[in-house]
Amino acid sequence: MFKALFLTLGLLVSSPARAQEEPKVRGPVETIQDGMAEQKSEKELKLIEREKAFKDAQADREARVVVLQWAETDTNYQNQTLQRNIITRIARDGANFYPEIDLYQSGRKEQDRSLRPQDQRATVPSSTIDRVMDAVDDVSTISWNALVDQDWGLKAGELRELADEIWFVDRPELREPLFLLYAQIGRAAENQNNSAPPYYEQIGGRPVNYYWYLAGSMAHNTPELMSKLTDQNLHSSIGNYKDQLDRGQFPPLTLAFSSEGKFDGLKFLNEYTVYLNGIETEINDEGGLEDASPGRVDVYLARDDGHSLSERIELDKLDDKFYYVLDVARTRMGLDFIDQLMEHPNECMPNLSGDILTYLAIYAKLHSKAEVYVAIPELGSVASSKIRLWRWDRVDSRLKKVDAEGEFPVRFAGLMGAGLTFSGATIPELEIAEDSTDPIDFDQDIGITPEGVPLQLHLRGHYGHFMFTTGLDYALNVSGGSWREVYQNEYRSDSPADPATTTTGSTSTSSTSSTSSTSSTSSTSSTSTTGSAGELDCPGAQQGCVDVSRLKERNLQRLVHLGVGVMLGKNAPIGFGPYGYFRTGWYNLPHAVDTTLHAGWAAQAPFSTKANGRVRPLVNVDLFGGAMVPYRDTFSLIPQPDQKLGKPLPTFGFALSIGSTF
């Protein structure tokens with residue numbers, strides 16, 4: 001019995017296990033589901049790639065405008081009128097504006113003075129970390145008595161040059177290799193038995209091994225760095241400096257983030273993130289003050305959408321124990337920079353001092369996907385004519401005056417194209433005998449029929465988002481015939497039934513056909529002799545009659561028009577983007593006022609995506625709808641000749657155009 005019980009339990013336990021071990025067979029439904037899931041995943045990946053490509057393409061069109069504030073004025077980079085005028089002038093609707101301090105890049109300037117501005121790297125490359133760590137590992141294995149004093153001095157010099165490869169600490173990952181390098185430089189300096197600068201300095205009146213002190217300063221802010229020291233002597237020496245800093249035995253260097261004695265903490269917090277020696281630091285003091293260990297302090301202000309100033313503060317800048325970070329940057333890249341630019345304001349490429357040129361090159365390299373502009377509102381004026389504007393040329397590494405490049409504030413676009421127009425009113429075909437001189441009677445039927453094929457010549461002007469347009473449309477009749485209308489002549493108030501004034505005893509010959517604002521039919525010839533206006537065979541009591549001899553014929557319908565509207569999108573100032581505008585004009589045949597609303601899209605031609613400047617090919621699609629309002633001497637007013645405007649006739653259509661901005 002027990003055997004049977006154990007056997008039953010074994011089967012119950014083992015069956016699920018075997019079921020779990022056996023691979024599940026995928027049926028046709030599951031296979032299709034797997035394929036759909038895989039296909040969906042591929043589509044999502046492609047969508048992500050397209051979104052990334054779109055963002056990259058948009059990033060190439062960014063513009064960063066740095067505004068240098070004129071002394072003793074309050075016109076700064078946040079002035080909306082100034083921004084609007086600059087955007088219109090540079091035709092960059094998506095431009096962003098920044099203060100002059102953002103250009104100050106003293107901290108990112110490399111120590112090698114032989115480097116040209118365009119050769120500055122702006123950011124310490126990650127590959128430097130490996131080189132520094134390899135050098136640290138090599139030196140750390142050399143015992144103190146393996147080299148003579150002179151050789152230790154040479155080794156200290158080599159390591160000190162390597163420290164220049166980490167010339168600016170703007171991120172945490174640079175701290176550990178720099179800390180370990182400082183430790184080995186201090187060790188090499190100690191072993192050379194020469195207590196002289198630059199390896200030994202006075203900090204707060206105390207002589208220190210400067211590089212061990214710098215390492216202790218870094219450990220003071222990041223204590224876990226001490227665990228990276230495996231040499232007990234190094235640990236003890238650097239730890240001694242750390243303890244002194246912890247106890248406040250060295251007077252601090254106070255950094256002031258106020259501007260001209262003012263500090264708006266909330267605004268500063270929303271605009272900047274502060275890094276001191278690569279560590280994110282919050283400025284909570286109401287006066288914008290922050291204490292730092294004296295020695296080397298790397299200050300970096302970051303924005304959500306880019307980089308702001310950088311500064312490297314060292315021993316030779318510690319006379320007052322206070323360092324006004326923003327004021328120093330504003331003096332150099334505001335007041336001094338303005339003086340240099342305004343010395344010869346009309347020069348195409350102004351001469352700039354070496355450090356300012358270097359700062360501009362670094363700032364442009366930090367924002368490699370944006371055009372960098374420098375603007376000066378002269379005397380604080382926001383008028384377009386008073387705004388001095390320059391653009392950084394990446395190829396020549398020079399600042400170039402925008403006015404010298406022909407940047408007229410209004411951009412134009414010339415277009416030519418064709419389309420199709422539909423109308424909601426037609427006139428039925430009329431049959432007239434050749435020898436007939438009787439007036440034509442007609443009635444209007446309502447229907448949607450093609451009217452004509454417009455051939456367009458348009459000119460647009462763009463000023464910011466505002467758009468105006470003018471042009472000529474010449475239309476071919478879709479029936480292949482001519483356009484017909486009552487003869488255009490002075491309207492006779494004494495003969496209301498006769499909108500066409502005649503000459504007494506005159507004889508006229510004309511091809512006639514049925515016509516309206518929308519269509520034309522086959523024509524026949526008719527000749528009539530008439531007397532004065534009152535003698536026409538078209539009495540005033542008779543409704544719906546036209547004198548056959550008073551028809552006007554044209555092969556092309558002409559429309560002269562004007563329009564105003566808006567264009568949207570970041571590239572609207574240069575003539576690209578979705579748009580809408582109201583247009584009004586005058587048709588010669590039929591005599592009518594044109595009123596239409598237009599919506600469309602203008603885009604840069606696909607074959608010219610790399611074109612820049614004012615001249616760029618474009619393609620345009622336009623949809624419109626509105627009404628033609630008959631005016632005075634036209635068929636539509638014959639039944640009621642006393643009125644000047646007839647019943648509006650609905651019209652709509654589309655057009656495709658090509659052209660160029662200029």
Side-chain angles (χ1 to χ4, degrees), residues 102-136 138-139 153-171 173-186 188-189 196-201 210-211 214-215 218 275-278 295-301 307-318 328-329 332-333 336-337 340 351-368 372 392-399:
D102 282 24
L103 290 177
Y104 188 73
Q105 299 297 329
S106 178
R108 295 184 183 274
K109 182 179 179 181
E110 297 189 47
Q111 304 299 305
D112 185 355
R113 297 186 179 182
S114 66
L115 286 176
R116 300 176 303 169
Q118 56 265 42
D119 295 332
Q120 293 284 331
R121 290 176 287 178
T123 303
V124 176
S126 299
S127 59
T128 301
I129 296 176
D130 294 334
R131 294 205 307 274
V132 169
M133 294 303 294
D134 290 342
V136 167
D138 291 341
V139 175
L154 294 174
K155 184 62 68 175
E158 293 175 3
L159 295 176
R160 189 167 177 269
E161 289 181 1
L162 188 58
D164 289 340
E165 289 295 312
I166 306 181
W167 67 89
F168 186 70
V169 180
D170 61 351
R171 56 192 191 274
E173 53 265 33
L174 296 175
R175 288 181 58 80
E176 180 181 335
L178 187 59
F179 170 79
L180 295 175
L181 184 60
Y182 282 161
Q184 293 301 325
I185 295 174
Y199 303 105
Y200 289 84
E201 299 285 356
Y210 184 53
Y211 287 92
L214 291 179
M218 297 183 73
Y275 292 87
L276 300 182
N277 291 327
R296 171 183 171 177
V297 182
D298 290 354
V299 182
Y300 164 46
L301 268 59
H307 305 272
S308 183
L309 69 80
S310 65
E311 175 66 292
R312 177 170 169 172
I313 307 167
E314 298 182 86
L315 277 174
D316 57 356
K317 301 177 181 178
L318 300 180
V328 170
R332 188 57 178 153
M333 298 310 295
D336 295 349
F337 195 10
Q340 292 187 29
N351 290 322
L352 303 174
S353 59
D355 62 334
I356 289 181
L357 200 60
T358 298
Y359 299 161
L360 285 168
I362 292 173
Y363 186 79
K365 190 161 289 188
L366 289 171
H367 306 95
S368 59
V372 176
W392 177 257
D393 190 305
R394 295 181 182 274
V395 177
D396 295 335
S397 294
R398 296 291 301 272
L399 203 63

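Bear in mind that the values here come from a model prediction, so they are computed numbers and not experimental data. Counting from 1, the numbers follow the sequence of the chain as shown.
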For [X], check salt bridge (charged side-chain N to carboxylate O under 4.0 Å, His left out) against everything at least two apart and list the hits.
{"X": "Asp112", "value": "none"}
{"X": "Arg296", "value": "Asp298"}
{"X": "Asp134", "value": "none"}
{"X": "Lys109", "value": "none"}

Quick one: list whatever passes side chain to side chain donor-acceptor pair (under 3.5 Å) with [X], sequence neighbours left out.
{"X": "Gln118", "value": "none"}
{"X": "Glu173", "value": "Arg171"}
{"X": "Arg175", "value": "Thr222"}
{"X": "Asp164", "value": "none"}

Of the non-hydrogen atoms in [X] and [Y], which two are nearest, and what is the gap between them?
{"X": "Ala135", "Y": "Leu162", "value": "CB-CD2, 3.4 Å"}
{"X": "Leu309", "Y": "Ala329", "value": "CD2-CB, 3.9 Å"}
{"X": "Leu360", "Y": "Leu352", "value": "CD1-CD1, 3.7 Å"}
{"X": "Ala156", "Y": "Ala189", "value": "CB-N, 4.2 Å"}

So do [Y] and [X] actually touch side chain to side chain, heavy atoms under 4.5 Å?
{"X": "Tyr363", "Y": "His307", "value": "no"}
{"X": "Ile129", "Y": "Leu174", "value": "yes"}
{"X": "Leu178", "Y": "Val132", "value": "no"}
{"X": "Met333", "Y": "Ser106", "value": "no"}
{"X": "Glu176", "Y": "Leu180", "value": "yes"}
{"X": "Ser397", "Y": "Trp392", "value": "yes"}
{"X": "Leu399", "Y": "Asp393", "value": "no"}

Spell out, as yes or no, whether a donor-acceptor pair under 3.5 Å connects the side chain of [X] to the backbone of [Y].
{"X": "Asp396", "Y": "Arg398", "answer": "no"}
{"X": "His367", "Y": "Val372", "answer": "no"}
{"X": "Arg108", "Y": "Phe168", "answer": "no"}
{"X": "Glu314", "Y": "Val297", "answer": "no"}
{"X": "Tyr199", "Y": "Gly157", "answer": "yes"}

Residues in side chain to side chain contact (heavy atoms under 4.5 Å, CB included) with Asp130, at least two apart?
none
Partner residues of Tyr275 under the ring pair (Phe, Tyr, Trp, His ring centres under 6.0 Å) criterion, sequence neighbours left out
Tyr300
Quick one: ring pair (Phe, Tyr, Trp, His ring centres under 6.0 Å) partners of Tyr211, sequence neighbours excluded?
Tyr182
So which pairs with a foot in residues 119-128 pass salt bridge (charged side-chain N to carboxylate O under 4.0 Å, His left out), sequence neighbours left out?
Glu110-Arg121, Arg116-Asp119, Arg121-Glu165
Do the side chains of Glu158 and Arg160 get close enough for a salt bridge, i.e. N-O under 4.0 angstrom?
no
Determine whether the side chains of Gln105 and Thr358 contain a donor N or O and an acceptor N or O closer than 3.5 Å.
no
